[in-house]
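Step one of this worksheet: look at the structure below.
Treat the numbers as computed from the prediction; the structure is a model and nothing was measured.
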Amino acid sequence: MARPSAVPAAAGPHDDLSLAERVCLGLVAVHGVDHGWALGTLLAPAGPLGRIWSLSRPLTYRALDGLVAKGLVARRGRSAGRGRERVLLEPTPAGRRRAAAWLDEPVEHLRDVRTELLVKLWLREQAGLDSRPLLERQEAAFADRIGGLVTARPGDDVVDLWRRESARAVRRFLADALARESHRRTG
């Protein structure tokens with residue numbers, strides 16, 4: 001049985017990283033999280049990012065180990081805090097580039113909107129980045145697929161019904177998210 005953190009979210013330029021690694025890299029490189037405990041707190045089910053996508057502490061630390069092994073995050077000394085000493089984390093230049101590229105990349109599948117795209121939008125919002133370009137690219141990437149699913153002849157297949165309704169929901173979500181982002185930026 002495959003571990004959820006070991007399965008890439010989508011094939012593409014970042015397919016050598018699991019979604020857990022991508023999210024942890026984004027938190028370190030974009031959000032400025034500098035130690036594993038803080039990552040685990042953000043990714044806990046009750047954490048601000050955990051409400052979108054959660055990851056257990058052991059899997060969070062495993063993702064960090066993978067990022068260090070791939071040269072995308074470096075361990076830079078220790079910091080005393082409440083409880084145990086904390087190992088400080090810092091993105092490498094390659095890690096910063098990978099995180100920035102990932103944040104700008106639309107997701108490949110409609111099913112990834114609920115997880116990966118929402119995580120990207122949360123990270124971008126926290127960093128004060130404009131999400132309009134990503135949302136516009138996402139709309140363009142899905143336009144034909146959503147159009148085909150929405151206009152498909154209805155059948156008795158419950159899976160087709162789910163996919164059609166999911167496509168409609170994604171189309172509405174992207175339009176509303178773009179309007180929200182435009183309003184945030186102008187008003």
Side-chain angles (χ1 to χ4, degrees), residues 8-10 12-15 17-55 60 63-64 67 72-73 89-150 162-187:
H14 306 285
D15 61 356
L17 298 180
S18 67
L19 182 56
E21 289 171 326
R22 293 177 207 174
V23 172
C24 288
L25 181 59
L27 286 167
V28 171
V30 177
H31 196 54
V33 178
D34 65 354
H35 57 87
W37 188 262
L39 283 172
T41 301
L42 288 167
L43 290 167
L49 191 54
R51 63 188 278 247
I52 298 169
W53 187 77
S54 63
L55 191 64
T60 298
L64 285 174
L67 292 169
L72 300 173
V73 169
L89 305 168
E90 180 178 271
T92 64
R96 286 187 195 285
R97 286 190 301 274
R98 291 284 296 267
W102 176 68
L103 282 180
D104 287 341
E105 180 182 282
V107 300
E108 188 173 335
H109 301 284
L110 290 171
R111 66 179 175 261
D112 296 329
V113 168
R114 169 63 187 91
T115 53
E116 189 173 358
L117 183 62
L118 283 180
V119 167
K120 289 178 181 188
L121 293 172
W122 185 88
L123 284 167
R124 294 179 72 84
E125 188 172 299
Q126 297 301 305
L129 300 173
D130 185 358
S131 291
R132 285 179 294 191
L134 172 61
L135 289 164
E136 289 167 353
R137 283 192 301 279
Q138 192 64 71
E139 266 190 334
F142 282 163
D144 290 341
R145 191 171 315 149
I146 288 175
L149 286 169
V150 169
W162 170 253
R163 292 181 73 204
R164 186 173 54 253
E165 291 307 314
S166 293
R168 287 179 178 152
V170 166
R171 182 172 56 191
R172 285 190 310 269
F173 168 76
L174 292 173
D176 289 352
L178 265 167
R180 176 183 175 270
E181 186 66 19
S182 292
H183 178 50
R184 270 179 16 119
R185 295 288 169 186
T186 61

Original post:
Would you say the side chain of P106 lies within less than 4.5 Å of the side chain of F142, judging by non-hydrogen atoms?
Top reply: no

Original post:
So do I52 and L121 actually touch side chain to side chain, heavy atoms under 4.5 Å?
Top reply: no

**OP:** Specify the closest pair of heavy atoms between L149 and R164, including all atoms of both residues, with the distance to one decimal.
**Re:** O-CG, 3.2 Å

Original post:
Judged by atom type as modelled, is there a donor-acceptor pair below 3.5 Å linking the side chain of H109 to the main-chain atoms of D112?
Top reply: no

Original post:
Taking 4.0 angstrom as the limit, do R124 and E181 come out as a salt bridge?
Top reply: no

Subject >> Heavy-atom side-chain contact between L134 and L103 under 4.5 Å >> reply: no

Original post:
Do E116 and W102 have side-chain atoms, one donor and one acceptor, less than 3.5 Å apart?
Top reply: yes

**OP:** Provide the closest heavy-atom pair for A44 versus S54 in the form atom of the first, atom of the second, distance.
**Re:** C-CB, 4.2 Å

Original post:
Should R98 and E21 be marked as a salt bridge (charged side-chain N to carboxylate O under 4.0 Å, His left out) after you check the CA-CA gap, both sets of side-chain angles, and the distance that decides it?
Top reply: CA-CA 11 Å; R98 291 284 296 267; E21 289 171 326; over 6 Å; no

Original post:
How far does CG of L49 sit from CG of L123, to the nearest 0.5 angstrom?
Top reply: 6.0 Å

**OP:** Count the heavy atoms belonging to other residues, nucleotides or ligands that lie under 6.0 Å from CZ of R51, then report whether that count exceeds 12.
**Re:** no

Original post:
Is there a side-chain contact between C24 and L43 (heavy atoms, below 4.5 Å)?
Top reply: yes

Original post:
Say you draw a straight line from CD1 of I146 to OG of S166; how long is it, rounded to the nearest 0.5 Å?
Top reply: 10.0 Å

Original post:
For the atom pair CZ (R137) and CD (E105), what is the distance rounded to the nearest 0.5 Å?
Top reply: 9.5 Å

**OP:** Would you name the heavy atoms of L64 and G36 that are closest together and state the gap between them?
**Re:** CD1-CA, 3.7 Å

Original post:
If you look at every heavy atom in W53 and A20, which pair is closest and at what distance?
Top reply: CH2-CA, 3.5 Å

Original post:
Around R132, counting heavy atoms of other residues, nucleotides and ligands shown, do more than 12 lie under 6.0 Å from its CZ?
Top reply: yes

Original post:
Do L55 and V23 have side-chain heavy atoms sitting under 4.5 Å apart?
Top reply: no

Original post:
Mind checking whether V73 and L25 have side chains closer than 4.5 Å, heavy atoms only?
Top reply: yes

